[in-house]
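Have a look at the structure below, then the notes.
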Amino acid sequence: PVSALILTSQNSAAAAARMGFPPGTRAWCVGDQTARAARQGGLVPASAQGDAEALVALILHSGEGGPLLHLRGEHARGDIVARLSARGVPAQDLVVYRQ
């Protein structure tokens, strides 16, 4: 079980919808397009309106306690999971699509 998802693309939002997370699951999203896709999939998004740096800052500032699941592509930048884990927010990632 996870307290929220981390989504860094529209592809990851689509994967979340296919995976059947319960409606109302929080989704920390890198930007507005990803947040829109998450909302269409029944998730409750929060947009960082930026990049991985902004997303990590948003999650840390929110007081989110985790555990978080980063649904991502085969190639990723920003070391989101490592950075959150280093700051005490349990997180793991799962590759859900190929670029």
Side-chain angles (χ1 to χ4, degrees):
V2 298
S3 67
L5 302 174
I6 300 170
L7 306 176
T8 48
S9 72
Q10 290 175 280
N11 289 331
S12 60
R18 288 191 306 272
M19 294 171 77
F21 287 96
T25 298
R26 161 130 352 247
W28 297 102
C29 301
V30 71
D32 293 341
Q33 288 183 348
T34 303
R36 277 191 291 279
R39 188 174 294 110
Q40 290 173 351
L43 304 175
V44 177
S47 174
Q49 300 177 335
D51 55 13
E53 185 75 27
L55 182 56
V56 169
L58 177 66
I59 294 168
L60 291 173
H61 180 73
S62 76
E64 172 70 58
L68 304 177
L69 179 61
H70 180 193
L71 301 179
R72 66 174 186 85
E74 181 176 35
H75 304 287
R77 296 181 296 196
D79 296 321
I80 293 170
V81 167
R83 292 169 63 194
L84 290 171
S85 296
R87 297 285 301 270
V89 179
Q92 62 183 3
D93 58 1
L94 178 64
V95 175
V96 294
Y97 67 93
R98 289 188 159 166
Q99 287 100 319

Note, Glu64 side chain near Ser3 side chain (heavy atom, < 4.5 Å)
yes
Using a 3.5 Å cut-off and no angle test, enumerate the donor-acceptor pairs between side-chain atoms of residues 15-22 and protein atoms at least two apart in sequence or in another chain.
none

Holding to salt bridge (Lys or Arg N to Asp or Glu O under 4.0 Å), I want the full list of residues that pass it with Arg26, two or more places apart in sequence or in another chain.
none
Verify same cluster id: Leu71, Trp28 (apolar side-chain graph, 4.5 Å)
no
Please output the side-chain donor-acceptor pairs of residues 35-46 that fall under 3.5 Å, not counting sequence neighbours, one pair per line with the distance.
none

Hey, could you give me each pair passing salt bridge (charged side-chain N to carboxylate O under 4.0 Å, His left out) that has a residue in residues 43-53? Not counting sequence neighbours.
Glu53-Arg83
Any link between Ile6 and Leu60 through a network of hydrophobic side chains (Ile, Leu, Val, Met, Phe, Trp, Tyr) touching at under 4.5 Å?
yes
Minimal heavy-atom distance between Glu74 and Gln99, with the atoms involved, is N-OE1, 2.9 Å
So which heavy atom on Tyr97 is nearest to which on Ser12, and how close?
CE2-N, 3.7 Å
Under the salt bridge (Lys or Arg N to Asp or Glu O under 4.0 Å) test, residues paired with Asp93 that sit two or more places apart:
Arg72
Between atom CD1 of Ile59 and atom NE2 of His70, what is the distance when rounded to the nearest 0.5 Å?
9.0 Å
Can you name the residues that form a salt bridge (Lys or Arg N to Asp or Glu O under 4.0 Å) with Arg77, not counting sequence neighbours?
none
Test item: Ile80 and Val30 side chains (from C-beta on) under 4.5 Å apart, heavy atoms:
no
Common cluster, Leu58/Leu5, ILVMFWY with side-chain heavy-atom separation under 4.5 Å:
no
Any link between Leu68 and Val96 through a network of hydrophobic side chains (Ile, Leu, Val, Met, Phe, Trp, Tyr) touching at under 4.5 Å?
no
Cluster link Val56 to Val89, ILVMFWY, side chain under 4.5 Å
yes
Between Pro90 and Gly88, what is the shortest heavy-atom contact and its length?
CD-O, 3.4 Å
Euclidean distance, Gln92 CD relative to Leu69 CG, rounded to 0.5 Å:
5.5 Å
